[in-house]
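Written below as structure tokens is the structure these notes are about.
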Amino acid sequence: MNVKAVRALVTGGARGMGRHFVEAVRDAGGLVAFCDVDPTAVTEASATLGVPGFACDVSREASVQSFYDAASAAIGVPNVLVNNAGITRDGLFMKTHPETGEPIMMDLARWQQVLDVNLTGPFLCARAFAAGSLRAKQPESVMVNISSISRSGNAGQLNYSAAKAGLVADTVVWAKELARYNVRVGAVAPGFIRTPMTEGMKPEALAKVAAGIPLKRLGEPDEIWLAVRFIIECGYFTGRVVEVDGGLVI
Ligand code: NAP
């Protein structure tokens with residue numbers, strides 16, 4: 001599908017990579033609408049980018065359906081979904097108190113929150129999107145799921161690694177189940193990319209990360225957009241993951 005023919009939904013589109021994807025689709029001549037969880041950020045991004053934006057928490061069923069309906073009214077039945085919204089709540093699965101040696105466990109809320117946004121969110125968005133595509137009998141639809149190289153299992157990111165691995169498994173299932181309805185599904189697994197998510201890290205930690213990357217730098221949102229665009233445009237791509245990580249292996 002040529003990106004000019006796209007009517008795209010981008011989740012988490014007010015900031016970071018999602019915001020870049022919104023701008024990129026708009027600049028390429030496609031139609032695009034986005035959602036984000038913070039209404040103030042949505043209002044700012046929508047006004048600045050000149051693109052319809054909607055407040056939505058992707059982990060909540062009713063919120064996702066309202067976003068889908070409102071966005072469809074604004075740009076027409078969507079034929080591209082970029083499941084981009086995501087959060088990190090990093091921490092060790094288990095550590096010990098330095099004095100008492102008592103185990104300190106990852107709490108359930110930290111686990112659940114990341115699974116809710118990063119795995120249940122894409123499930124709810126994919127469901128609304130695929131149902132809409134089937135109802136409209138679209139000749140072609142494409143879903144792009146933003147996973148992470150952490151899906152291989154990154155220490156300190158148990159919750160995030162589980163969600164991002166699950167999202168790749170779901171990518172394969174959706175690709176197999178939905179091919180008969182002309183829906184293609186791909187995933188992108190970025191390494192460390194320069195966005196507000198990584199800008200929150202300490203500069204020393206970021207420098208250490210960059211030193212361990214073969215290309216010796218963080219990636220740029222536009223380098224992830226190239227992979228998203230490839231999945232949208234390549235009609236023979238489905239059920240696979242594109243890794244864009246500067247050669248970093250976790
Ligand atoms: P970001 O800068 O934090 O942007 C993510 C956006 O999603 C934010 O605007 C965030 O809002 C929003 N969001 C959070 N929870 C949401 C919810 N429940 N419903 C709707 N929107 C929600 O992150 P990013 O770095 O651009 O990351 C984008 C995607 O790439 C994520 O899935 C992330 O896991 C993945 N990724 C990032 C990197 C990286 O190095 N940056 C690497 C690999 C994968 P708030 O800011 O208000 O929370």
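Nothing here was measured: the structure is a model prediction, and the numbers come from that model. Whatever order the structure lists them in is the order used to number ligands and atoms, beginning at 1.
Atom 42 (C) of ligand 1 has G191 O, 2.9 Å as its closest protein atom, hydrogens excluded (heavy atom only). Atom 9 (O) of ligand 1 has as its closest protein heavy atom D36 OD2, 2.7 Å. Looking at atom 39 (C) of ligand 1, its nearest protein heavy atom turns out to be I193 N, 3.6 Å. Of all protein heavy atoms, the one lying nearest to atom 19 (N) of ligand 1 is V58 N, 3.0 Å. At the shortest separation from atom 26 (O) of ligand 1 among protein heavy atoms lies M17 N, 2.8 Å. What sits closest to atom 48 (O) of ligand 1 on the protein, heavy atoms only, is V37 CG1, 4.3 Å. Shortest contact from atom 2 (O) of ligand 1 to any protein heavy atom: P196 CD, 3.4 Å. Protein heavy atom closest to atom 4 (O) of ligand 1, with residue, atom name and distance, is R15 O, 4.1 Å.
On a distance-only criterion, D57 and ligand 1 share at least one N/O pair closer than 3.5 Å. Backbone and side-chain nitrogen or oxygen atoms of V117 are examined, and none is located within less than 3.5 angstrom of a nitrogen or oxygen of ligand 1. In terms of polar-atom proximity, D38 is not counted as a contact of ligand 1, lacking any N or O under 3.5 Å from an N or O of the ligand. Among the atoms of I87, none of the N or O lies under 3.5 angstrom from an N or O of ligand 1. Residue-to-ligand polar distances place N84 within reach of ligand 1: an N/O pair is separated by less than 3.5 Å. Residue T198 has no nitrogen or oxygen atom sitting less than 3.5 Å from a nitrogen or oxygen atom of ligand 1, judged on distance alone.
With a 4.5 Å cut-off on side-chain heavy atoms, L115 and T120 do not count as touching. Side chains of T88 and V114 form no contact here, defined as non-hydrogen atoms less than 4.5 Å apart. Between L119 and D170, the closest side-chain pair of non-hydrogen atoms falls below 4.5 Å. Taking 4.5 Å as the limit, some side-chain heavy atom of F129 sits within range of a side-chain heavy atom of S141. For the pair M17/M197, no side-chain contact is recorded, criterion being any heavy-atom separation below 4.5 Å from C-beta on. Residues R151 and L167 have side chains not in contact (no heavy-atom distance under 4.5 Å, counting atoms from C-beta outward).
Proximity to S148 (heavy-atom distance under 4.0 Å) selects the following atoms of ligand 1: 43 (C), 44 (C). Close contacts of ligand 1 with F192, meaning ligand atoms under 4.0 Å from a residue heavy atom, involve 40 (O).
Heavy atoms of S147 approach ligand 1 to within less than 4.0 angstrom. Residue T11 places no heavy atom under 4.0 Å from ligand 1. Judged by the shortest distance from any of its heavy atoms, R194 lies outside the 4.0 Å radius around the atoms of ligand 1. The closest approach between a heavy atom of G219 and any atom of ligand 1 is not below 4.0 Å.
Inspection of the N182 and E140 side chains reveals no N or O donor paired with an N or O acceptor under 3.5 Å.
Without hydrogens or angle criteria, N84 side chain to T11 main chain gives a donor-acceptor distance under 3.5 Å. Put simply, the side chain of R184 gets close to the backbone of F237: a donor and an acceptor are under 3.5 Å apart. Judged by distance alone, the side chain of D245 and the main-chain N or O of I149 form no donor-acceptor pair under 3.5 Å.
When the shell of 6.0 Å around CZ of R194 is examined, it contains 12 or fewer heavy atoms from other residues, nucleotides or ligands. Around NZ of K216, the count of heavy atoms belonging to other residues, nucleotides or ligands within 6.0 Å exceeds 12.
Considering L167, T195, I146 only, the shortest heavy-atom separation from atom 30 (O) of ligand 1 involves I146. Residue nearest to atom 34 (O) of ligand 1, selected from F21, Y160, F67: Y160 (by heavy-atom distance). Summarising the contacts of atom 5 (C) of ligand 1 with G18, A41, G86, the nearest heavy atom is found in G86. Comparing heavy-atom distances from atom 20 (C) of ligand 1 across C35, G12, C56 singles out C56 as nearest.
Classified by interplanar angle (parallel below 30°, tilted 30° to 60°, perpendicular above 60°), the ring pair F21/W225 is tilted.
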Next on the checklist: Run R15 and E199 through salt bridge (charged side-chain N to carboxylate O under 4.0 Å, His left out) and show every step you take.
Outcome noted: CA-CA 12 Å; R15 298 208 309 159; E199 278 157 10; over 6 Å; no

